[in-house]
Every structure is written in C-alpha cells, then in structure tokens.
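What follows is a set of notes on a single structure, which appears directly below.
These numbers come from a predicted model, not from an experiment.
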Amino acid sequence: MTATSQPLPLQGVRVLDLTRAWAGPYATKILGDMGAEVIKVEAPFKPDARAGGNYFPDNDPGERPWNRNGVFHKNNRSKLDIALDLQQPEGRDLFRQLVAISDLVIENYTPRVMPHFGLGYDDLVGVKPDIIMVSLPGFGKDGPERDWVAYGTTLDSHCGLTQITGYVGGPPHRMAIAIGDPVGGMFGTMAALFALHQRRRTGTGQHVDLAQADTLTQFMGAPLADWSMNRRVWPRIGNRDLVYAPQGVYQCEGRDQWVALSVRDDDEWAALCAAIGQEHLACRFATAAERRMAHDEIDGIIAEWTRRQTKDQVMACLQDAGVPAGAVLSSKDLLFDPHLRARGFFEVVDHPETGPRPQLGMSWKLSETPGRITRPAPLFAEHNQFVFGRLLGLSDAGIETLEARKITSTVPLVDARPGAPGDRQRWKRIGLVSEVDPDYKEKLREFYGTD
C-alpha cells in the first residue's frame, strides 16, 4: 500500500465531540484529520461558534450564514455534525445510545455541566464501561476556581503570560491571539491518545481531567524558576531578550514591512556587523553585556540599514551570514509564502457553501500515514440522518418526531427562543466586512487553482 492508500492512524475510532469555541474543537479536529470519526454534537438553540466572527466570502453571508463561518470551518473540518438538545430527556437518551457505540467523549464545559445533565463520567461508565472521557474545562474539575468560566484571552492573564508581555515601563499586553485555546487543544489531543493507548493495553477506559490553565502555565517555567531561585520577577522588555543582544524587530522598505533578528553570541554579532558594513562595531561592543547597555544606539544603526531594503532581502542577507533573521509575515504573506506552498502546507477544501478555499494543513509529515483534511466543516446538522438513522436505527418518521419536538433540528433554532430577535438578518449583522485585496483572486488562482 502507498502512503496515500494506507488507512489513517485513528481509523475505526469514534469520538463524540461536545466541545465549543476553540480549545476543544481544535483537539477533535486533529483527531478527525488523523482518521477518527468525529461526531460533533451541537445544541439546536445554541450552535457552536456559528454566530460570531464570521468571515463571509466576498462579504456575502448567503441564505444560510451559519454555514459560512470561517472560524467554524477552521476548527471543525474532518467532522460529522448533528443537532441534539441535551436539556431534554429524550436528547440525553439518544446521547447515551451514541456513547454505547463510541470510544471517546470530549467536552470543554465547566465541571458542573455534564453531571447536571446526568452525563458525567460516572454516568457514562454505566453505559459503556471502557469509555474514555476527556474534559477540558478552564481550571480543571477540582480546586477553588473549578467553576470559573474561562476564555483564551483571560487564561493568558491568569497564567502569567500577560504580566511579562509589553514594553519597558508600560502596562501588560495580552497576546494577539487566545493562545491558551490551541495549547489546551493540543494537550487534549495528546491526552486522548494516551488514554486510547492505555485502553488498548488494559481494556480499561478513564476520565482525563485537563485544565487549560494548567497547560498554559507549563510555558511559564523560566519565569517561575527565576522567581523561586532568585526572587526576581521578569520585567517587560518588548522585543528584546534578557540575554541575547541585539534582538528586535526593525522596519524595512515599504509600508508596514519588518524583519526580526536575534544575535546569540559574539560570532553572530561580528557577522551582523560585517553584513551591514559596520565592522568596527564588532570591537566597540564586543560582549553581550556591552551590547545590552547600548541597545538603543545599536537599534538605530541596524534600522538605518534595514530601511533601505525589503524584508526578504534583509532576511536572505543575514541568513547567508549566519545571523538568525526572519521576515515578519502578514496573513496574506503566509497564504502566498513559496516555502509553505512547496511543502504543501495549505490544502484546498471545497465547502458546499463557500466553494474551494485554502485551509491550514497538517503540521507534521508522517511518511506512511500523513493525515489529511478528510472532509470540509459540516453544515449545521448535516449528518442527522446518518447518525440517528444508520447508527442508531431511527426511522424517518422517528427523526421527524425529534424535529417536531425540537430535540433536533436542521437549522439553528436561536430565533425560536422566547425574547430572541425574530430577524434572520441578525446572522448577517455580526459578519465581519473587510476590504478585499484587488489581486487576491488572481494570486489564489496562481497558487491554489481556485478563486
């Protein structure tokens, strides 16, 4: 068998995905990319991440805007989708039937939610003794903060990252993205795989308690060690480094064009001085301590040189000289980056609502079973018939009864809630409208063969 015809590593594993937003869906997306059958369970009255942060193709929300959410597409590809109301007893019964034929249940609610439904781990073990449940709440299932609601942007602060991010003399700055979410998601994927491997060896399932705050705090090792050993709090130093000098981001030719560089030792400093035609500086600031003291002066000299060249020219020149340097890429630069294209990083996914679009691909290269985007992000409740009918054996009339009782639905029922706006245009108003680059479509055709 060739690598492309090999079964994917997780083929035959069925996952019930009760996650929302980013952290949990990111974990289950990876499982789906590697071959697991992931069934995403959405609430009819509160669908996941379909009503915020929309990025509509050509600023057109279409007739079913809930199926055109770019954020949802990114985090929920390679999955099936059903609508099921767990607040109703019949919905919970159907979920238990799905548990009986599944391997993993993954959820990222606060710890009180699943037991409130009668669907906590102890309940599910009664349905399937070897079930694996992975819970990814913000702060874990125990401790004084267990029931606190968490988002990635607040986790950054809680875990200390915001405190050490910012400029000298200025306030803390939050991370540009909610980094706690994908970090928690990746740890969640690993934890699920560990539990699956253990079950294969022993036949025993287990409950994985994964606090997203714990996973993000793992990256605070150096600041925590500095405090425990030296009673020293890390300062905010902007783009600089506590050891390496010079280090920073420098403006290049063109509007909002930048390059980053970092000098780690005296040899790289000498190479940088030679590259910018300032060989005499190698002796003048011979040590890292001297360079840190004169960082402002050195920054000015480097910036004077970088401003006369493009960021790609600067990066190529310094890399050839052995100095770590990288062009600062925008999202557009990334999409059309020749290196990522050469590695086949972006995959074109043809979605029924938005057409073919490049999406972020695999971050790893397995030689025999490389993984792939197995299907586009599902339409809302797209797989009701398959899951309720084929997997659980319900008749068409039985499924219609579920719809009539609003235990399931084929469209989001947000407008059916008491007091909710009855205007379907509410979905359109929350879409983000942005200026479209005039050469964008031409570049998409050139790089990916699609508009």
Side-chain angles (χ1 to χ4, degrees), residues 1-11 17 22 25-38 40 48-50 53-81 177 182 185-186 189 329-380 382-383 431-451:
M1 299 177 72
T2 65
T4 54
S5 63
Q6 287 267 30
L8 291 174
L10 297 180
Q11 187 170 322
D17 179 2
W22 191 0
Y26 191 88
T28 49
K29 174 193 72 172
I30 297 174
L31 298 174
D33 286 344
M34 298 308 291
E37 182 186 75
V38 180
K40 186 174 183 67
D48 171 34
R50 292 179 180 269
N54 291 339
Y55 301 88
F56 297 134
D58 301 319
N59 295 326
D60 176 18
E63 292 303 313
R64 299 183 295 178
W66 50 85
N67 288 325
R68 293 192 168 202
N69 185 299
V71 175
F72 184 89
H73 286 192
K74 173 176 67 75
N75 291 326
N76 292 284
R77 70 199 194 194
S78 300
K79 301 179 186 180
L80 309 177
D81 190 276
I177 64 171
M186 286 186 284
T189 302
L329 302 185
S330 66
S331 53
K332 175 185 174 183
D333 293 333
L334 285 171
L335 189 60
F336 301 121
D337 180 66
H339 178 75
L340 292 176
R341 180 190 185 191
R343 286 181 56 77
F345 177 70
F346 289 100
E347 297 183 35
V348 175
V349 178
D350 192 359
H351 192 276
E353 280 285 341
T354 62
R357 301 277 165 176
Q359 283 199 16
L360 301 169
M362 302 301 107
S363 300
W364 49 82
K365 300 285 183 181
L366 278 67
S367 63
E368 300 301 318
T369 53
R372 62 181 181 272
I373 300 175
T374 58
R375 63 175 72 239
L379 306 176
F380 180 80
E382 179 180 354
H383 302 97
L432 300 180
V433 177
S434 59
E435 181 180 348
V436 178
D437 190 323
D439 64 350
Y440 175 71
K441 287 190 175 182
E442 182 178 342
K443 285 182 176 291
L444 278 180
R445 281 193 293 268
E446 175 189 347
F447 269 65
Y448 302 107
T450 176
D451 289 340

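In this structure, CD in E353 is found 7.5 Å from NE2 in H73, a value given to the nearest 0.5 Å. Separating the NE2 atom in H383 from the NZ atom in K79 is a distance of 13.0 Å, to the nearest 0.5 Å. The distance from atom CG of L335 to atom CG of L329, rounded to the nearest 0.5 Å, is 11.5 Å.
The closest side-chain heavy-atom distance from T374 to L8 is below 4.5 Å. Considering only heavy atoms from C-beta on, V38 stays 4.5 Å or farther from K29 through its side chain. Counting heavy atoms from C-beta outward, D48 and N76 have side chains that approach closer than 4.5 Å. Here the side chains of D81 and L379 are not in contact, with every heavy-atom distance at 4.5 Å or above.
The two residues P378 and F72 come nearest to each other via the heavy atoms O-CE2, 3.6 Å. A pairwise comparison of heavy atoms in E37 and L80 identifies CG-CD1, 3.9 Å as the closest pair. Of all heavy-atom pairs spanning P7 and T369, the tightest one is O-CG2, 3.3 Å. Taking each heavy atom of K40 and P25 in turn, the nearest pair found is NZ-CG, 4.2 Å. The shortest heavy-atom contact between D33 and R77 is OD2-NH2, 2.7 Å. In this structure, K74 and Q359 approach most closely via the heavy-atom pair CA-OE1, 4.4 Å.
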Could you go through residues 338-350 and list every donor-acceptor pair under 3.5 Å that involves a side-chain atom there, pairing it with any protein atom two or more places apart or in another chain?
unit_1 : atom_1 : unit_2 : atom_2 : d
R341   : NH2    : E446   : O      : 3.3
E347   : OE1    : I373   : N      : 3.4

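A side-chain donor-acceptor contact under 3.5 Å links H351 to the backbone of A377.
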